[in-house]
Structure formats: C-alpha cells, structure tokens
Amino acid sequence: MFSGSAPAEPAAPKAPLLVLYGSQTGTAETLAKKTAKEAEKRGFAPKVVCMEKYESVAWEKESNVLVLTSTYGDGEPPDNAQAFWGWLAADTAPRLEHLSYSVLALGDTNYPAFCEFGKKCDERLASLGAKCAAARRDCDIDYEAPFAEWTTSALGAMGTNTAPAPAALMEEAAPEGYSRKNPYPAKLLGNRLLTGAASQKEVRHFEIALGDSGLTYEVGDALGVLPTNAPHIVDAVLRTLRCDGEEAVSVAAGEVPLRLALSKHFDITKPSNELISAVAERAPTFAKTFADKAALKSWLYGREVPDLLAELAQPFAPAELLALLRKMAPRLYSISSSMKAHPGEVHLTVGIVRYEAHGLARGGVCSTFLADRAGDVPVFVQPSHGFKLPASGATPIIMVGPGTGIAPFRAFVEERIALGAKGKNWLFFGDQRRAADFLYEDTFTDWLRDGHLARLDLAFSRDQTEKIYVQHRMTEQAAELWAWLESGAHFYVCGDASRMAKDVDAALHKVIETAGGKSAEEAVAYVAKLKADKRYQRDVY
C-alpha cells in the first residue's frame with residue numbers, strides 16, 4: 001500500500017491578458033506596467049505591448065485586452081500608436097468577437113479633443129465585435145484615482161475580484177524619491193530674456209539647480225514644474241467667497257489655510273466643467289448663457305474662475321468650491337540643456353503667456369510663475385521614451401524646431417559636443433523676426449562656425465512680404481535633405497502640434513516624393529518606415 005502524501009493538484013493556469021498602450025510622454029506606458037503588475041497578483045498572465053508592436057500580437061488567440069492610451073495634438077494617436085490605428089481603422093481589420101476589452105483614455109480637458117484617441121479605440125473595438133468588459137474611463141491630468149478605480153473594475157470584470165481596493169492600488173503605485181507627487185524644491189539660478197525689445201513675444205531662458213535631489217535626466221526628457229497661482233487671482237477668489245484666507249480647509253496633504261490651498265493646490269484660472277455647471281444652477285442670468293454652447297464658449301474665452309464666481313449672488317462655501325475646482329497640475333517643458341554640459345543644472349526655454357481680456361491683465365499660470373514669482377521651483381523629471389538621440393554618435397541628425405521648439409535641440413547639440421560625437425547636425429529654426437526673435441543666436445552661429453552644426457537653415461516669417469516658415473526651407477533643400485535621409489539621418493521635430501508639425505510632416509512627404517522620386521503612396525510607406533525605425537521622432541504639443 002502506498003503511504004506517501006497525495007500529490008498536489010496542479011495550479012490553475014493563469015488567464016492571459018494583453019495590456020496594450022499608446023504613449024507620447026511615457027505616462028500611459030508607466031500605467032500599463034502598473035496595471036500588469038496588479039493583474040499578476042490577481043491571477044492573470046499579463047504581457048505589456050506597445051501599440052507600435054501590434055503586429056507581434058496573435059490577435060486571434062487573445063481573449064482579454066486592456067488598452068491604455070493618451071491623445072496627442074489635435075485628437076490624434078500618439079506617434080507610437082499611429083501604425084496600430086491605421087491597422088485597426090482599416091476595412092481589412094479582423095473581427096474581434098472573441099475579445100473582451102476595456103479602455104483607459106488619458107487626456108487634458110484644456111484641449112477640445114479631450115481623450116479623443118481613447119474614445120476612437122473604444123468605438124472601433126466595439127464595432128469589430130469585441131465585448132466591453134468595463135466602461136471606458138476618461139482621465140484628466142489628475143488621473144491617479146480614476147486609474148486605480150478603472151484597474152480594479154476592469155480586472156474584476158475580466159477575472160477575479162480578490163484584490164486591493166482602488167485606494168490600496170494608488171498607495172502601492174506611489175513612486176519613490178522626487179516625482180510628480182513629490183517634486184523637488186529646486187532653486188532658480190537664472191532668468192534671462194531671449195527675445196529683443198521689438199519682439200511680439202516674451203521668451204525666457206531659465207536655469208535651475210538640482211542641488212542634492214539626485215535627479216538626473218537625459219536630453220529629450222521633459223521637466224515637470226508645479227507652479228503657484230498669482231496672488232492677485234487668489235485675492236480675487238477670496239473676495240468672491242467673502243473670506244480672508246485664514247479659514248481652515250482640507251486638501252490631500254491635510255488641513256491648510258484657504259489662501260494656501262488656493263495658491264498651491266488648485267487651478268483657479270480655467271474653470272472646470274463641474275464649476276461651470278454649478279454656477280449655472282445658482283445664477284439665472286448665467287444659466288441662459290450656459291444653455292447655448294456657442295454663447296458659453298464665447299463668454300468663457302479669456303475668463304477665469306473669479307470671473308465665473310462673480311456671477312453668483314451668494315458665494316460658495318470654501319469646501320464646496322474646492323470640490324468643484326481642478327487640482328493644480330504640473331506643466332511639462334522640454335529640457336534645453338545637457339547634464340554633461342551643465343552638471344547639477346537643468347535649463348528651460350519658455351514662452352511667457354501674457355494677454356489682456358475683459359479689461360484685466362491675464363497670464364499663463366506656470367510661465368508667469370517662472371518669470372515673475374519663482375524662487376523655489378518644485379520640479380521632477382519626466383523621462384521621454386520616444387524622443388532620443390541615435391545610439392551612435394556617428395549618425396547624422398536633422399532637427400526642426402521653430403520658436404520654443406528649439407529647446408531640446410540646444411540640448412541635443414550640447415550633448416553631442418560633450419560626447420565628441422562625429423555625426424553631422426542640421427538645424428532648421430524659425431520665428432517672426434531675426435533681429436528680435438533669433439533665440440540663442442550667438443550660440444548657434446558659434447556652433448555653425450566651429451563645425452558643431454553642419455547646416456543652419458533659418459526662416460523668419462515677418463522679415464519679408466511673403467511669409468516663410470521652416471517647412472519652406474525644407475522643400476528648398478529637398479535634394480540635400482533626401483541625401484541625409486538616405487545616409488541614415490534621424491529626423492526630429494519639436495513645437496506646435498496643431499499647425500507646424502502637420503506642415504513639416506507634409507513637407508517631409510513632399511521632399512521624399514520630389515527629391516526621392518517616390519509616389520505619394522511610396523512616400524507614406526517611407527515615412528512609416530522612418531517612424532518604425534525610430535528615425536522620425538516628434539516632441540510636439
């Protein structure tokens with residue numbers, strides 16, 4: 001008779017889970033990895049895949065997919081999701097009746113196409129027959145709580161519910177060291193005006209000391225800055241509330257005076273949708289404007305939270321107002337320095353937003369904070385996963401960065417000089433007027449003279465009758481640009497997403513067609529290959 005212990009039952013196989021992400025700045029990628037970590041605890045066998053690798057997925061064998069994606073530019077897919085969307089949106093896309101899915105869409109309600117690409121993915125998956133396991137969650141810039149709730153909901157719908165509550169997931173996901181949730185109080189070392197007296201713009205160069213923070217960055221990364229609101233706007237809100245600012249209120253960090261909460265913890269410039277609705281419920285006159293979308297859009301243009309609160313006959317209680325405000329969010333700026341050239345420092349190139357509306361001087365929260373009020377600057381580094389120099393210093397690079405889009409390219413060239421890289425560097429820069437808007441003119445002309453720039457092509461749009469932009473310079477130099485691409489050059493673009501980046505992209509296609517002798521379809525394929533090979537990278541906003 002056998003007297004040994006009974007053999008253990010084999011462990012149940014883990015349920016497969018595809019975690020698919022599209023990311024421009026790295027946030028969706030980070031959240032995808034956190035989702036996979038949580039899924040593993042719940043008995044799944046997750047695999048994290050970037051959307052650009054969609055062809056590696058055996059879609060007919062997948063059963064569960066979680067999609068996490070940001071929206072880029074004017075409602076477009078992130079760069080690493082464009083090929084995936086081309087495949088998914090095509091008439092030839094496969095039927096997906098066997099698939100259960102859920103979508104987390106990341107966005108910013110400051111932009112009209114809020115979470116647009118995430119919405120498109122949700123709609124397209126449903127139209128292909130996939131079953132929505134948990135409703136799509138659209139996240140604003142304060143995404144931590146909705147992300148945690150979505151993760152719990154989506155994983156519970158697809159498998160098990162034996163897992164931490166959303167609050168525990170958020171706590172578990174909290175990063176260590178200085179981060180978005182815990183920025184480093186850096187010192188502002190320098191604040192220099194780059195534009196001339198005749199310029200219609202105000203662009204400044206900032207130098208920030210990283211001190212003993214231990215923060216490091218690579219060229220191509222962004223710096224997150226957590227600003228403080230202008231005192232006059234805080235005072236305006238307090239007047240509408242009929243408060244002196246010493247009233248105690250609760251924020252995430254605990255109990256603080258109302259003035260401090262309004263200064264550092266909440267956005268009191270752009271009204272939230274919740275605040276607009278709440279004011280409309282209490283103010284009959286504003287309710288008529290609120291009922292007409294076009295009229296509301298016109299009324300809100302140039303107005304801030306104090307303007308909206310002034311419509312009320314009876315003010316909100318402080319706690320009631322705070323519940324209707326957006327939390328203060330960090331602003332991300334392309335880093336314009338190399339740590340190898342400036343150890344212990346980080347530099348920014350920032351356009352300062354100032355304007356007048358409805359009889360009052362207004363300004364951008366963070367740009368005016370840096371320009372006018374900053375001593376300590378709360379910062380963190382946002383790594384870039386898709387805007388990097390070539391691995392080889394021998395590879396030539398072409399950089400298109402008009403206006404403040406010049407920022408990362410100052411850093412790129414500083415890095416290559418520090419490394420002794422032998423690859424050629426070609427810069428396209430443009431702005432309004434050479435005499436007033438040639439940012440870093442001395443630096444770039446010195447680099448051109450010393451051979452650190454092989455070419456410097458300039459486009460100052462207002463210096464002649466016909467406006468000339470960087471895309472015009474590209475097509476003028478089509479033959480040379482094509483030769484560089486054919487020799488393996490990497491092509492970079494930084495700056496405005498809504499117009500400039502699209503015009504530059506169109507010019508790139510035209511260069512390939514004219515100088516490369518390609519058809520329009522062949523040019524599209526050529527550009528797609530550049531992107532797939534990481535030779536066409538963009539940092540646009």
Side-chain angles (χ1 to χ4, degrees), residues 22-25 51-52 69-86 89 107-108 110-120 201 220 222 332 334 351 384 386-387 397-409 426-432 457-462 466-478 481-482 485 489-516 518-532 534-541:
S23 186
Q24 197 72 37
T25 63
M51 285 183 176
E52 68 185 355
T69 186
S70 60
T71 292
Y72 200 37
D74 189 20
E76 299 168 11
D79 282 347
N80 62 16
Q82 289 182 1
F84 165 76
W85 180 242
D108 182 344
N110 281 307
Y111 295 93
F114 173 62
C115 289
E116 184 65 26
F117 181 59
K119 295 173 183 177
K120 288 179 179 177
K201 303 179 181 181
L332 296 178
S334 303
S384 166
F387 199 73
I397 62 172
I398 303 162
M399 302 163 284
V400 183
T404 54
I406 196 62
F409 303 135
W426 183 352
L427 176 63
F428 288 88
F429 173 75
D431 214 308
Q432 292 186 345
D457 283 72
L458 303 171
F460 293 100
S461 60
R462 307 300 196 275
E466 184 180 355
K467 291 181 180 178
I468 296 174
Y469 299 106
V470 286
Q471 62 267 24
H472 299 128
R473 297 303 188 207
M474 287 173 56
T475 54
E476 288 172 2
Q477 303 300 329
L481 192 52
W482 172 250
L485 291 173
H490 286 215
F491 186 80
Y492 299 90
V493 183
C494 181
D496 171 59
S498 62
R499 294 187 62 181
M500 182 278 297
K502 292 177 181 178
D503 291 340
V504 166
D505 187 75
L508 178 62
H509 283 77
K510 186 175 181 181
V511 164
I512 294 164
E513 289 177 40
T514 56
K518 306 287 187 183
S519 68
E521 293 75 16
E522 289 170 334
V524 168
Y526 191 97
V527 170
K529 184 73 163 58
L530 288 177
K531 290 178 178 178
K534 308 293 187 187
R535 289 178 53 206
Y536 180 8
Q537 298 183 22
R538 305 190 306 166
D539 176 13
V540 299
Y541 36 83

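Worth knowing before you read on, the calculation uses all heavy atoms, side chains too, and leaves out hydrogens, waters and symmetry mates. Index from 1, following the sequence.
With values rounded to the nearest 0.5 angstrom, His490 atom NE2 is found 11.0 Å from Lys534 atom NZ. From Ile398, atom CD1 reaches atom CH2 of Trp426 across 6.0 Å, with rounding to the nearest 0.5 Å. The distance from the CZ atom of Phe460 to the CD atom of Gln432 is 11.0 Å, given to the nearest 0.5 Å. Put simply, OH on Tyr72 and OH on Tyr541 are 9.5 Å apart, with the number rounded to the nearest 0.5 Å.
In this structure, the side chains of Leu508 and Val527 come closer than 4.5 Å at one or more pairs of heavy atoms.
For residues 491-506, the set of pairs meeting the salt bridge (Lys or Arg N to Asp or Glu O under 4.0 Å) definition, not counting sequence neighbours, comprises Asp74-Lys502, Glu76-Lys502.
Of the possible donor and acceptor atoms, none in the side chain of Thr475 sits under 3.5 Å from a partner among the backbone N and O of Ala507. Between the side chain of Asp457 and the backbone N or O of Arg473, no donor-acceptor pair lies under 3.5 Å.
A ring-ring contact (aromatic ring centres under 6.0 Å, His included) with Tyr536 holds for exactly one of Phe491, Tyr492, Phe387; it is Phe491. Paired with Val400 under the rule side chain to side chain contact (heavy atoms under 4.5 Å, CB included), one option of Ile406, Val504, Leu427 passes, and it is Val504.
Checked by atom type, the side-chain pair Lys531/Gln82 shows a donor-acceptor distance below 3.5 Å.
Ion pair Asp431/Lys201 flagged as a salt bridge, since at least one NZ, NE, NH1 or NH2 atom sits closer than 4.0 Å to an Asp/Glu carboxylate oxygen.
In this structure, Tyr526 has its ring center under 6.0 Å from that of Trp482.
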